[in-house]
Every structure is written in C-alpha cells, then in structure tokens.
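All remarks here apply to the structure that follows.
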There are 2 protein chains.
Amino acid sequence: MTSSTASIIAVDAMGGDHAPGVVVDGVVDAVRELDARVALVGPEAIIHAELQRHRADSDERISLVAASQVIEMAEHPAQAVRQKTDSSIVVGMREVKEGRAAAFVSAGNTGAMLAAGLFQLGRIRGVERPALATVFPTRSGFTLIVDVGANADCKSEYLAQFALMGAAYAEQVLDVANPRIGLLSIGEEEEKGSQLVQRAHALLREQSTGFVGNVEGKDIPAGAVDVVVCDGFVGNVLIKFAEGVASTIGGIIREEVTSSPLSKLFALALRPAFRRAYGRLDYAEFGGAPLLGVQGVVIIAHGRSNARAIRSAIRVARRAVEGGLVERIAAAVEVGGQRSEVRGQG
Amino acid sequence: MTSSTASIIAVDAMGGDHAPGVVVDGVVDAVRELDARVALVGPEAIIHAELQRHRADSDERISLVAASQVIEMAEHPAQAVRQKTDSSIVVGMREVKEGRAAAFVSAGNTGAMLAAGLFQLGRIRGVERPALATVFPTRSGFTLIVDVGANADCKSEYLAQFALMGAAYAEQVLDVANPRIGLLSIGEEEEKGSQLVQRAHALLREQSTGFVGNVEGKDIPAGAVDVVVCDGFVGNVLIKFAEGVASTIGGIIREEVTSSPLSKLFALALRPAFRRAYGRLDYAEFGGAPLLGVQGVVIIAHGRSNARAIRSAIRVARRAVEGGLVERIAAAVEVGGQRSEVRGQG
C-alpha cells in the first residue's frame, strides 16, 4: 500500500436522505478545504454529473468507483448486503477490505453498514464484538456512547471491550487525553444495576485505567464522563429518544413563542441566539458514528446528513486512518485482556 | 373497613427535598380544594406546627399518624426499611397494609418506597413482579412508561404483565380509553431487539388487546402510544436521561439568549411563552409514579415535588382507590394469563 493509497477515503455517493447531491457537496468541500483524497462509490454517470455541477470532475483528488445498485434505507440490512453485491455499500466496504481505500464513509442504511462491515472486514484480533459508537452533545462539549446499536444482547466481557475501544477512539480521534469512562447504570453504587452491568463493573475496574464508575442517564448530557459504555439496546433506545425529546422540546417552545404576533416578533429577534443554541446541539459537527473493532475505519453518518456532516465524517475518517485507530484498538484490547489475566491470577 | 376509612390517603410528611413544608402545603390544598381525607405520617410536633401555619390543625379531614424516624434520600433503601421500623415510610405503608388507609403517597427515597411496598404489602395474586410506572410528557399529552426502575433484570413474562398493569392504570386513573401499548425496542419489526424483547413481543400479542407493536426511543416523546413497556433498567436510564437532556437544552438556550443585553431583553419579553412551554413539560402536573402490582395503592412523587405535585399525587391516589385499581390489575393479569393458556393449547 503506497502512502497515497493509504489516505484515500471511500465515500458512498448514494447513502443518506439527500444523496447523491449533498454527499457530493460534502466531498467537494472536504477535498478543497481539507485536501482530502476521496473515492466516490456509486453509479458513474450520476456521480459524474454531480461533480460537474461543482466543476470538480477533473479534480485528481477525487476518483470514482463504479457500483450499480443502491441499498435503500428501509431494506432488510443483512439480506440486502447478501443480495446486492454491486451496491455502493458492499462495493465501498470492498475497497477497504482489498486495501484500495483506508476508510469507508456512508450516510446510508445503518444496519446494512453494520452487516457489511462485520461480514466483509471481519473483527480485529481479540475483539469479541465490534460496536457502534456515537458522539453525543453535552453542556460542555460531547461524550462518546458505545454501543448504540450493533449488539442488542451483550455479555459483560463485550461491555469491557467497548470501554477499551471507545477510549482509544476518544483519545486518538476526538483528542481527549486520558478519557474518563463511565458505565451506564441506574445508580452510582457498584452493586446497582442489572447483573450484566454489575459484572461489567468488575471487569472495567480491572481493564480500564480511565474507569470512574457507574453513571446514570442524567450524567450523559451533563458531560460527566468522556466515554459512556452500555449495551447496544440501551444505547440505541437512548440516542433515538434524545432526538425525539429535543424535537419535542423544540416544537413546544416554537408553538408557545409564536402563539401571538408580538411574541413572534421577539422570537424573530432571538433567532440568532436560537441558532447558536441549535449549533451546539447539532450532530453535523461531530462527524458520524464509527464502527469500532472491525479491520478498517468505518464511519456511519446520520441519514439526514447535510454537506457539513459529510465533510466532518470524512475529516474524522482521515484522523482515524492517520492515527492508526485499528492498531490502537488491537493494542488496547490486548492490554485489557492481559490486565484481567493478571488480576485473575493475583 | 368503613367507606370513610377506605378513602383516607396516607401521606409521608417527611418525604422529598422540601419536606415537611411543601408536603403539608400540598396536603392542605388537596383537602381544601379536592375535599380529600389525608393522614399525615411523621413526627407529630413538626406536623402540628406546619398545620398551624395553615390554620388547618383542627380540620377533621386531616389526621396524624406518629412516626419518629426519617429515611434520608441517600440511605441504602432495603437496609433503611429493615432498620428504621418507625420511619414515616415504613409506618405509612403499614397504614395501608392494616387497612387504616387506602393509599400511601411519598416524595421520599424511591428505593425505600419500592422496598417497603414490596415487603410490607406483598404482590397482587398472579403478579410476578410489581413495576414502577411514570407519566412522561409528550408533544400532545403524556405516555405512561412501565417499568422505570423496580426491576433491573426482567423476564419476558414480566414485561407482558407490565403491559397489562400499565393499561389498567392508564384506563382507570389517566382516563385513556382503550390504551395503545407499545413495546420499547430498537426497530419496529418483530424480529428486532434483544432476545428478551423478541419473546415479550410474542407474549404481548397473545395477552394485550391494545398492543400495537414495537416502538423506538423517538416514539415516546412523540406520543405514539399511551403505554410504553420496557425493563426497569432501560426505563430508569431513560427517565433520568430525559431530565438531563431537558435541563441541558434549557441551559444552552438560556446561555445563548442571555448572551447580550438586547437579546436578554427579548428573552424577558418571551418569559410567559417559555413558562407555558415549561408547564407543558412539567412533571408536577402528572401526579407521581405508581407502584403497580402490590396489594395497595402506592404513589411515589418526585423528590423535588412542590405543593402542586403533592396535591396531584393525592388526587391520583384517590382516583386509583375509588376506581379499584388493585382489583382491576388482579383481573387484567388473570385474563392475560388465560389468553396465553388458550393460545398455548390452540
């Protein structure tokens, strides 16, 4: 692998609610502003037309990888990945698998990205279950939640590894020195929570140097820790719930402040402030959800991604590649396992 | 039991962050405005002084039940309930157990209320695990979530009963005709979710006439169903998370709209609208969390309860008593079990 190949980010041109338009917008931004090298995956004619719109069709930093099929958002993930072997998701993942790209970014069907990532790339040696992580906005910045949907049923050992992988990602990609790790539970005391979580608590104590103990639901938006560990069922329920809560609160505030002509006027005057508040809560700044533990860098962007979100995901993917995320996760999982063995013998 | 005894609501004078002051405020309101009959439980001298403040010390609708100890918010629940046998929580629960009161309301230590409710009152015949339910505000009204913390580890059978008990409560106390029941999962399809949830899905289909299928996190604040069923770990994480998200969003909006003198002025003008929005999201209107499945009516109010929240909890407790909640739950659980048997034989 030459160094130039190593830094190519494959991007699914057909993934997301606003593909291919905003995806190509985001790619062109990333190439021009961040000097990224991108391989756009999808139907060549369509991509070509989109690139022409930006007069970017002859930019040498953008290449094309042909894929004739598209996995739709509502398709059954595993089945679609098996059947649509020339879909942009399967083809893009193959670019990573075969070393022509260092990372794959898609805003497409999350389940299909998970399935393709697991089946095609395989696990990093020592990793029991890859996990999907996402960055969640907090009062003071953000926190990384692992797992948010790759594993609906977990063993305690998986949770302990999620902590190690999440810490590696937070440190290397999100620039958090010595990340504080919290285990999501329903009380701060060690003996609180489900049996799964109680056993995971003991393993985290052994394996994770940054483990600070249990955290509760309210501690996540408060930004109490840098990495929150939970099973994929709870994590997935939480992030979808948060979207719902935010939009409900936003909707109720909007209804009330626009309920009279006068207050509508005041609300208009406050629009810049509301915009800033919204910006601080906006997922688009944070660059998508990494699939941690597979043999390659995989970033799943939100289905509603705009161009800025796509650009962020590309930036994040490049950081993960350049910092050697896969090797770091392999090392973290190995060291964690050794710590448990030492304690087990001690 | 005379009909007058039957309608007495025991209220823990010492429960909650602002006890005994706001508790007695709420009790006096409930007695004067709703004509409730209340037995205040706690140290007699303290309660007497609080009642005098309202010139309510000779109101015949308010009686006193002496309890010399208080279980603090931070105490270990089960241990405190065992040791402090003259605490307001243990004494109040005994009033229900021994038929001198029909319901017990407390804004005190939730874990202690759960432990005392389970140990002292026992389960309704046929109920596998009592569950804590809470009313959650949505865009259009509210939804009842069961379980929010009584059972960290659940079997599918428990979840199926949570649905039956939640539906009985929604129908009888919250005035929801034919409540729609949703099972919290990470996808709408039947085969999505953890093994626990997949098995519960099948049981709910058999047992609950109002079951509409799986719901996701985002469907809760959207108000997609009237009753959301989940295990107590997920439910507890969710409601604490929601509090955190709401306060983080509120805090960020406040910071941004008060960041300049001018926008501070506009924000001041909009204060009534913000107040109305807050009111629609306010837990105080909804009257606390019922412990469903025990032999008596038990309502756990929020620790931060104000007088209005205490009054709401008393109102809700009285409705539950007058409508025969315990008998309705017993009947619902029996019918649900029969439906499963019939299907099992068919």
Side-chain angles (χ1 to χ4, degrees), chain A residues 76 111 137-139 149 152-153 184-187 189 192-197 216-223 230-234 236-253 255-260 262-263 266-267 269-270 272-277 280-281, chain B residues 76 111 137-139 149 152-153 184-187 189 192-197 216-223 230-234 236-253 255-260 262-263 266-267 269-270 272-277 280-281:
Chain A
H76 187 284
T138 66
R139 189 74 180 261
D153 287 294
L184 188 60
S185 188
I186 58 175
E189 306 82 358
K192 282 284 179 73
S194 59
Q195 291 173 20
L196 172 77
V197 164
E216 295 190 275
K218 65 179 161 46
D219 300 322
I220 301 177
C230 57
D231 71 59
F233 185 90
V234 173
N236 191 271
V237 164
L238 271 190
I239 60 163
K240 288 178 181 163
F241 182 65
E243 274 186 43
V245 169
S247 106
T248 296
I249 292 175
I252 286 177
I253 290 176
E255 276 174 34
E256 293 298 343
V257 300
T258 59
S259 62
S260 82
L262 191 63
S263 65
F266 292 130
L270 280 177
F274 283 125
R275 284 245 172 89
R276 285 195 304 274
R280 287 169 61 183
L281 297 163
Chain B
H76 187 285
T138 66
R139 190 74 179 261
D153 288 293
L184 188 59
S185 188
I186 60 175
E189 306 83 358
K192 283 285 180 73
S194 60
Q195 291 172 21
L196 172 76
V197 165
E216 295 189 276
K218 64 178 161 46
D219 299 322
I220 300 177
C230 57
D231 71 59
F233 185 90
V234 172
N236 191 270
V237 164
L238 271 189
I239 59 163
K240 289 179 180 162
F241 182 65
E243 273 187 43
V245 168
S247 108
T248 295
I249 292 175
I252 286 177
I253 291 176
E255 274 173 36
E256 294 298 343
V257 300
T258 59
S259 62
S260 83
L262 190 63
S263 66
F266 292 130
L270 281 177
F274 283 124
R275 284 244 172 87
R276 285 194 304 274
R280 287 170 59 183
L281 296 163

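So you know, we letter chains A, B, ... as the sequences are listed, proteins then strands, and number each from 1.
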Using heavy-atom distances under 4.5 Å, tell me whether E189(B) contacts chain A through its side chain, its backbone, both, or neither.
neither

Answer with side chain, backbone, both or neither: which region of L238(B) has an atom nearer than 4.5 Å to a non-hydrogen atom of chain A?
both

Between D153(A) and S194(B) (side chain of the first, backbone of the second, donor and acceptor by atom type, cut-off under 3.5 Å), is there such a pair?
no

Is the closest side-chain heavy-atom distance between P272(A) and E256(B) below 4.5 Å?
no

Could you give me the CA-CA distance, side-chain angles and deciding distance for S247(A) and R139(B), then say whether side-chain hydrogen bond (donor to acceptor under 3.5 Å, both in side chains) is met?
CA-CA 9 Å; S247(A) 106; R139(B) 190 74 179 261; 5.2 Å; no

Cut-off 4.5 Å, heavy atoms of chain A, and the answer for A222(B) is backbone

Choice from A152(B), A273(B), G244(B), P221(B) maximising heavy atom contacts with chain A below 4.5 Å:
P221(B)

Taking every heavy atom of N236(A) against every heavy atom of I186(B), the minimum-distance pair comes out as OD1-CB, 3.3 Å

Output, in order, the C-alpha distance, side-chain angles, deciding distance and verdict of side-chain contact (heavy atoms from CB on, under 4.5 Å) for V237(B) and L184(A).
CA-CA 8 Å; V237(B) 164; L184(A) 188 60; 3.6 Å; yes

Report the distance from atom CZ of F266(A) to atom OG of S263(B), rounding to the nearest 0.5 Å.
13.0 Å

Straight-line distance of D219(A) CG to F241(B) CZ, nearest 0.5 Å:
11.5 Å

Please determine, among G149(B), A246(B), S185(B), the option with the most heavy-atom pairs under 4.5 Å with chain A.
S185(B)

Highest number of heavy-atom pairs under 4.5 Å with chain B among E255(A), R275(A), E243(A) belongs to E255(A)

Select one option (side chain, backbone, both, neither) describing which atoms of S259(B) are under 4.5 Å from chain A's heavy atoms.
side chain

Which pair of non-hydrogen atoms, one from I249(B) and one from I249(A), has the smallest distance, and what is that distance?
CD1-CD1, 4.0 Å

Out of K192(B), K218(B), H76(B), return the one with the most heavy atom pairs under 4.5 angstrom to chain A.
K218(B)

Of the backbone (N, CA, C, O) and the side chain (C-beta and beyond), which part of I253(A) lies under 4.5 Å from a heavy atom of chain B, both, or neither?
both

Regarding K240(A) and E216(B), does a basic nitrogen lie under 4.0 Å from an acidic carboxylate oxygen?
yes

